[in-house]
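Okay, structure first, notes after.
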Amino acid sequence: MLNEYSSEEEEDEDSQEEDFVQEERRRVNTKMVDQATLDKLEAGFAKFQATESKSLLKKYLTKEIFDALKVKKTSFGSSLLDVVQSGFENPDSGVGIYAPDAEAYIVFADLFDPIIEDYHKGFKKTDKHPPKNWGDVDSFANLDPNGEFVISTRVRCGRSLQGYPFNPCLTEAQYKEMEEKVSSTLSGLEGELKGQFYPLTGMTKEVQQKLIDDHFLFKEGDRFLQAANACRFWPTGRGIYHNDNKTFLVWCNEEDHLRLISMQMGGDLGQVYRRLVSAVNDIEKRLPFSHDDRLGFLTFCPTNLGTTVRASVHIKLPKLAADLSKLEEIAGRYNLQVR
Ligand SMILES: NC(=[NH2+])NCCC[C@H](N)C(=O)O
């Protein structure tokens, strides 16, 4: 025993890390896919190769990568087909892949890693996401104190619940269980965050449409999600929580298990951000979230990995917005997305 320990200590840190990665890959069950899935994959890939697409999937799914990954499976039974089918069906995707379960990020790393590196501008497969750190929340101020430009401000993040796979692998029973967990946890929120959970099941069309029109609720029928098999058993397990002022919202089981959203009229980013941070910190004490040492907080879509935070303003730019391509070009220069 003693010898074993001392010989381990002699290894340098890098090779220990390498061992850890190798071990993690071995641990993951990589049994072969069935013939029907393989046939679908081959047919889908052939068609996709003949299709024009600017997606990252198109850029990185080479024949070699395809052949290396097409037979693999996660222990949840997810295959490469589950990863790529949204991108195959929607050639206008920007990215085109999703992780059906957390293990997919490891089993299909040869495809995920280069796409993550490209989308997240240089996050290499050897990189590690830094530990969670909300920063100095008081350093954020009002972006538009005179109320001239910004109509509303929104900051959101995504979280996955430990112990559950992502949408395509969830059973109807799991959806129900998760909704129950989420709604009972949120009912414990107090003060400004106090509110109510509204399940999609049984919600009238009028209420649903009003919440969508006011930008509080997600829309139904996103074709990218549908093709990714992420809308099964809809509306079971889906719902929305909001506080009385509708400045704090939680989406349950839309794209991610949880989307936590803070928003309000005007440009007070500081207030919006601080509300989000205190809500997430509070919820985190009661609901354990899936976190990965390398990728940070885990989400269904690789675009959201890491901090999962998206901050946005609804802003009036009538002259610039008249020329959408100009607007896109300028936004791109600042690493901003027009939505
Ligand atoms: N909601 C999202 N995850 N959006 C980002 C990606 C959406 C879609 N899968 C695409 O690749 O274009």
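Just so we're clear, the structure is a prediction, and the values are computed from it rather than from any experiment. As the structure lists them, so they are numbered: ligands from 1, and atoms in each ligand from 1.
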Q. Against heavy atoms of Thr303, which atoms of ligand 1 measure under 4.0 Å?
A. 3 (N), 5 (C)

Q) Can Lys72 be said to sit on top of Phe108's aromatic six-ring, NZ or CZ under 6.0 Å from centre and within 45° of the ring axis? A) no

Q) Would you call the rings of Tyr273 and Phe140 parallel, tilted or perpendicular if under 30° counts as parallel and over 60° as perpendicular? A) tilted

Q.
If we set the cut-off at 4.0 Å for heavy atoms, which region of Val95 has an atom near ligand 1: side chain, backbone, both, or neither?
A. both

Q. Aromatic rings Trp251 and Phe218: how do their planes relate, parallel, tilted or perpendicular, breaks at 30° and 60°?
A. perpendicular

Q: Considering only non-hydrogen protein atoms, determine which one is nearest to atom 12 (O) of ligand 1 and report residue, atom name and distance to 0.1 Å.
A: Gly94 N, 2.7 Å

Q: Would you check if there is a donor-acceptor pair between the side chains of Gln35 and Asp39 at a distance under 3.5 Å?
A: yes

Q: Mark the output for Tyr98 as yes if a heavy-atom distance to ligand 1 is under 4.0 Å, and as no if none is.
A: yes

Q. Heavy-atom distance to atom 11 (O) of ligand 1: which of Gly96, Ser55, Gly158 wins?
A. Gly96

Q: Using distance alone, determine whether Ser86 and ligand 1 share an N or O pair under 3.5 Å.
A: no

Q: Describe, in one word, how the ring planes of His314 and His215 are oriented to each other, choosing from parallel (under 30°), tilted (30 to 60°) and perpendicular (over 60°).
A: perpendicular

Q) Would you say the side chains of Asn167 and Tyr175 form a donor-acceptor pair under 3.5 Å? A) yes

(Q) Heavy-atom pairs closer than 4.0 Å: do any link ligand 1 to the side chain of Cys301, the backbone, both, or neither? (A) side chain

Q. Tell me, which protein residue and heavy-atom name are nearest atom 3 (N) of ligand 1, and how many Å apart are they?
A. Glu255 OE2, 2.8 Å

